[in-house]
Amino acid sequence: YQRRVRAKHRERRAMSKVGIETLSLDQLVALKQRIEEELDQHNAQMTQLKKALAKYSDALFALSAFAPENAGKPMLVPLTPALLVPGKMGDVRSVLCDVGTGFYVEHSVSDAEAFVNRKMELMRQNVQVLQKLMAQKVQNIGMVENFAQMKAAQG
């Protein structure tokens with residue numbers, strides 16, 4: 001993800017070697033709109049990343065229940081977010097991990113915790129990259145607005 005974002009950013013920078021001061025007022029307005037649209041897309045991506053982080057956090061919490069003393073104990077099994085059915089805790093030594101695109105891998109509880117922690121760290125890194133990119137977009141919007149105000153004042 002990080003490589004994709006950086007490559008896209010470098011590509012846009014290479015394509016936009018035209019100085020902002022040479023743009024007309026209409027072009028500045030269009031540029032500002034484009035940057036705002038990109039910022040909106042990044043906000044949507046940030047929301048998705050934060051939701052995924054919350055799900056992984058919930059998974060870590062659920063893994064904490066997989067202890068030998070809980071074997072055979074009654075529990076509620078979620079079939080959907082709104083439907084829970086009674087069940088009993090079975091094997092507490094291993095779990096199935098969703099590794100994406102419908103594939104599941106059996107892991108020991110400690111390996112599953114390590115897997116979830118790695119995924120969470122990767123997402124945190126992606127959040128940081130996205131935050132920096134969004135801050136740059138906000139800065140760019142301010143710069144474009146300043147140039148647009150100067151162009152409007154000039155006539």
*To the nearest 0.5 Å, how far apart are CD in Gln125 and CG in Leu49?*
12.0 Å
*same_hphob_cluster(Met134, Val138) at 4.5 Å side-chain heavy-atom cutoff*: yes
*List in chain and number order the residues that pass side chain to side chain contact (heavy atoms under 4.5 Å, CB included) with Ser110, two or more places apart in sequence or in another chain; answer none if no residue qualifies.*
Ser108
_All pairs passing side chain to side chain donor-acceptor pair (under 3.5 Å) where residues 48-66 contributes a residue, at least two apart_ = none
*Transitive ILVMFWY side-chain link Met75 to Leu83, under 4.5 Å*: yes
_Leu25 CG to Gln154 CD distance, which is reported to the nearest 0.5 Å_ = 10.5 Å
_Pair listing, salt bridge (Lys or Arg N to Asp or Glu O under 4.0 Å) test, anchored in residues 114-124, at least two apart_ = Glu121-Arg124
*How would you list, by chain and number, every residue that makes a side chain to side chain contact (heavy atoms under 4.5 Å, CB included) with Glu145, sequence neighbours excluded?*
Lys32, Ile141
*Would you say Lys132's side chain and Val127's backbone share a donor-acceptor pair under 3.5 angstrom?*
no
*Cluster link Leu130 to Leu39, ILVMFWY, side chain under 4.5 Å*: yes
*asked:* Please evaluate residues Leu23 and Lys151 with respect to the criterion side-chain contact (heavy atoms from CB on, under 4.5 Å), reporting the C-alpha separation (whole Å), side-chain torsions for both, the decisive distance (0.1 Å), and the verdict.
replied: CA-CA 9 Å; Leu23 298 177; Lys151 288 278 182 177; 5.9 Å; no
*Tell me, with the steps shown, if Ile20 and Leu31 meet side-chain contact (heavy atoms from CB on, under 4.5 Å).*
CA-CA 10 Å; Ile20 192 169; Leu31 177 61; 4.3 Å; yes
*asked:* For a quick test of reading the model, state the closest non-hydrogen atom pair linking Met46 to Gln131 and the distance between them.
replied: CE-CG, 3.4 Å
*From Arg34 atom CZ to Glu37 atom CD, the distance as rounded to the nearest 0.5 Å*: 9.0 Å
*May I ask you to decide if Glu113's main-chain N or O and Asn117's side chain share a donor-acceptor pair within less than 3.5 Å?*
yes
_If the condition is side chain to side chain contact (heavy atoms under 4.5 Å, CB included), which residues does Ala67 pass it with, not counting sequence neighbours?_
Glu69, Asn70
*Between atom CG of Asp40 and atom CD1 of Ile35, what is the distance when rounded to the nearest 0.5 Å?*
12.0 Å
Side-chain donor-acceptor pairs under 3.5 Å in residues 88-104, sequence neighbours left out?
unit_1: Asp91; atom_1: OD1; unit_2: Arg93; atom_2: N; d: 2.9
unit_1: Asp91; atom_1: OD1; unit_2: Arg93; atom_2: NE; d: 3.1
unit_1: Asp91; atom_1: OD2; unit_2: Ser94; atom_2: OG; d: 3.0
unit_1: Ser94; atom_1: OG; unit_2: Glu106; atom_2: OE2; d: 2.9
unit_1: Asp98; atom_1: OD1; unit_2: Gly100; atom_2: N; d: 2.9

*asked:* How close do Leu28 and Val144 get, counting heavy atoms only, and between which atoms?
replied: O-CG1, 3.3 Å
